[in-house]
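Values below: all heavy atoms of this structure, side chains included; hydrogens, waters and symmetry mates excluded. Sequence lines set the chain letters: A, B, ... in the order given, protein chains first and strands last, and positions in each chain run from 1. Note that the structure is predicted; figures quoted are calculated from it, not measured.
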Amino acid sequence: MNAAESLARFKKLRAAGEIASALDSLQQDLRRGVFDADTLDQAGRLLIRHSESFPPEPRALSVLLAGQFTTSWLVGALTAVAWGRGKATLVREGGYDNVIQDLAAVASPVDVVVLAPWTQRFLGRDDRPAERRIEDELSFLRRAWELTARAGAALVQIGYDWERPGPLGYCLSGLAGGRVDAVRELNEQVRRELPKGAYFVDLELVAGEVGRAAFYDARSYHWTKQPFSRVGVARLCEHLWAGVRAVTTGPKKVLVLDLDNTLWGGVVGEVGAMGVELGETADGEAFCAFQREIAGLAERGIVLAVCSKNNPADAREVFEKNPQMILKMADFAAFEATWDPKPEVIGRIARSLRLGLDSFVFFDDSPAEREHVLQSLPDVEVVDVPGDPAGYVGALQAGLWFEAVGVTQADRMRKEQYRQEEQRRELEQGSVSVQSYLESLQMVADVRLLDEPDMDRAVQLLGKTNQFNLTTRRHTAEIVRSMLAAPRSVALTLRLADRFGDAGLVSLVLAMPPGEANSTILRIDTWLMSCRVIGRTVEDYLLNQLVERARTLDYRSLQGEYIPTAKNQLVADLYDRLGFARGADRPDGGREYVLDLSRYVARPSSIKPVNSS
Amino acid sequence: MDDIIGRLQNVFRDVFDSEDLVIGLQTTAADVEGWDSINHVNLVLAVEREFKVRLSSSAIARLKNVGDLVTLLGTAARKP
């Protein structure tokens, strides 16, 4: 299948009136990477043309491109990339260099704004001194950021690049007064001032990845004020999509790995634990380099899982006995060496880790296994693995799966936490009742008022928590701060620890009086919890704390709401379970709840407050 | 000449996503739905790809209709 064949099939299905299957097959081919830089735009334009036929569920993501160059060629390519990554997306563009006006006039809801500046003013020939040039750009960006926040949209900010070193040449341009130096200084300041939670697309790095000679196209800029080549547009859009994903659903969380000819050369069942190719030969070195890369991913919080067709004992023996192995058994949160079909096994891993399949990336050297997963699990991302192991690290990196806006301490601790979770589950199976299991965990919680040091983690949870999230409002730090500043608002965080370890800040509730500050009603704007601590009575404990706090502030009732999404079914009846009275179903699909505080009796929970023994 | 216009017709059908689009030597931008400045560039890039040539900005600016484009491609193809 090549791009021309894929487009022909699309048109044939469309001509037969089967537009849904036409869109479906186009999406599958985009996932398979059938389209190259030359044809991506065409696929994107077909999608845009038929956007009224997009499936209603899940709702298409709305992205606005606001640029100082002509963004028209990014619209098609970004649409196509997004679809290939499994997300129906509607991309709109503002007018050429009309950023502030367009952002001020945003009428329909926008999920993400992509700000795409260009250097025509910054590097223009006029007599402004360097500091003034930087300040002019920053004040433009600050206004754009403010308007983006006002529109309630998340932000993907493209940086600046120097394109060519200019008249001073490569050696001098990086020194004071040179173009390269000026652009780097500007990028650094943009990074420093960038709103919390925004994703920065470092154009200097992206252009370097492709190579500037291939990334830019001077003719295109003179024709249409669009500086990038087709190759440049395609690659930039991959980075833009990584940014959009980082600020909406968040990065991928799990890397599922095959073993034979993926982590080492050869088949362990044939050559034995000591006979696999690792180090020593060129291929062996390549497998070691790949393992080092993966070990680094685990350190920054990516969860590793093995899914391999092998006898479990053979597979484990390599980890335990081969001294060349860099990865150890303890690095994996799930280890499935079995002969079951891989899609089935991956489903099992997802359930055991309590993570959605859409947070999974699958890496396997076998094209047949990849195709099986591609066809059976539409939510799992499948890496297009090259035949030569020397290309593994590059192939994994090229997907930009794990691009994130910030790595927090919680990310780094995640691997350990998942291992603890495994141990807990083993204990759960051995416990007589849920109650005694929970007691045996010896859980302690620390509930605090949300403050500035916890803001990063709070905003990160707001950005990525999907399952236990009553309203899924992706508030930015600015919005949270304005809530904290509102009179009589209540914002609580909860940290949980047990005998196996510290789970850290895992739950957040934001509440404030609706309308009048002297209201007797406290309305819960946001309540979310990390899915790692589901089923541990954390919600009961936190509600007790919230009620206590509400009573001190003279509130008489709590209002809650549930806004259904594709992922938060888990909490559809949370308020019912917690004893709230069910109110009206709203026309937008949300549901209202109310809790009378005068009748509330503290709920039983197996959690003790911290520092009480 | 016929060969060039036949290949061009396929390029046009692709760019303008119209399966039954028929072009002639006299066809201009005003005759084809969706031939705006954006698609004009897409068209030039697609033509360059199909005929494996790179057209100069000045030559493109002089084009008045499809016939001019056919002539231009004929000249470009004869160049060594």
Honestly, the part of A:Leu7 sitting under 4.5 Å from a heavy atom of chain B is neither
Next on the checklist: Whether A:Arg235 engages the ring of A:Phe215 as a cation-pi pair (distance to the six-membered ring centre under 6.0 angstrom, angle to the ring normal within 45°) should be assessed.
Outcome noted: no
Run the ring-centre check on A:Tyr96 versus A:Trp118 and record whether the distance is less than 6.0 Å.
no
Within 45° cone of A:Phe140 ring axis and under 6.0 Å: A:Arg121 NZ or CZ:
yes
### Query
So is A:Arg212 actually on top of A:Trp162's ring, under 6.0 Å and inside 45° of the axis?
yes
Please find out if less than 6.0 Å separates the ring center of A:Trp73 from that of A:Phe228. no
Per-residue tally against chain A (heavy atom, under 4.5 Å) across B:Val44, B:Val15, B:Asp17, B:Asp14 peaks at B:Asp17
Those residues of residues 36-43 of chain B that come under 4.5 Å of chain A on a heavy-atom basis, listed by number, are B:Ile38, B:Asn39, B:Val41, B:Asn42
Test side chain to side chain donor-acceptor pair (under 3.5 Å) on A:Thr89 and A:Trp83; report intermediate values, then the result. CA-CA 7 Å; A:Thr89 301; A:Trp83 273 77; 5.5 Å; no
>> Looking at A:Tyr221, I'd like to know if the NZ or CZ of A:Lys225 sits under 6.0 Å from its six-membered ring centre while staying within 45 degrees of the ring's axis.
In response: yes
